[in-house]
Amino acid sequence: MQSVRNAFMNYEELLQQYNIRPTAVRLLILKGIADFAAPFSLEDLYIFLDTIDRSTVFRTLVVFEEQHLLHSFEDGSGKKKYCFHHSASAVSTGTAHDACRHVHATCRVCGRTMCVTTQEIPIVPLPEGFEVENVNYVVTGVCASCKQR
Ligand SMILES: [Zn+2]
Ligand SMILES: [Zn+2]
């Protein structure tokens with residue numbers, strides 16, 4: 001599978017594809033987000049981008065989510081997390097919404113969430129006329145490294 005970095009050559013282009021005006025600070029935040037290999041919380045991002053004003057980081061995330069550059073979900077412990085990884089790889093196929101269709105596995109011990117991309121979440125038959133906006137499939141448990149302790 002392609003890594004996030006290889007999925008697109010240019011962050012500016014990526015923002016434009018999602019109809020987001022590429023400002024300097026947005027590009028900086030996007031680069032920071034692309035460094036996360038796994039879903040992250042807002043708090044994770046604040047710590048990682050500690051030179052950027054928190055309200056700017058927050059407002060930028062709102063824009064990114066509204067434009068479907070990334071998506072958020074409740075990780076199974078009540079925490080909101082953002083998944084960017086596979087949204088980015090979906091750019092190459094031009095299907096931002098399909099990007100949400102993977103399972104997230106959250107460890108209740110260390111709190112880490114992993115993207116499970118080996119299989120797409122199947123779309124179950126829905127009531128007639130129902131339009132899907134978001135699919136959230138979270139599995140909770142104990143990860144391999146926490147189980148060893
Ligand atoms: Zn764990
Ligand atoms: Zn994910």
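Both ligands and their constituent atoms are indexed starting at 1 by order of listing.
Residue L49 forms a side-chain contact (heavy atoms from CB on, under 4.5 Å) with just one option from T56, I29, T60, and that option is I29.
Taking hydrophobic clusters as Ile, Leu, Val, Met, Phe, Trp and Tyr residues chained together by side-chain heavy-atom distances below 4.5 Å, F58 shares a cluster with F64.
Closest N/O/S atom of H104 to the Zn ion (ligand 2): NE2.
Classified by interplanar angle (parallel below 30°, tilted 30° to 60°, perpendicular above 60°), the ring pair H102/H104 is perpendicular.
Around the OH atom of Y46, the shell of radius 6.0 Å holds more than 12 heavy atoms that belong to other residues, nucleotides or ligands.
For the pair SG of C146 and SG of C107, the angle whose vertex sits at the Zn ion (ligand 1) is 110° to 10 degrees. Rounding to 10 degrees gives 110° for the angle at the Zn ion (ligand 2) between NE2 of H102 and SG of C83.
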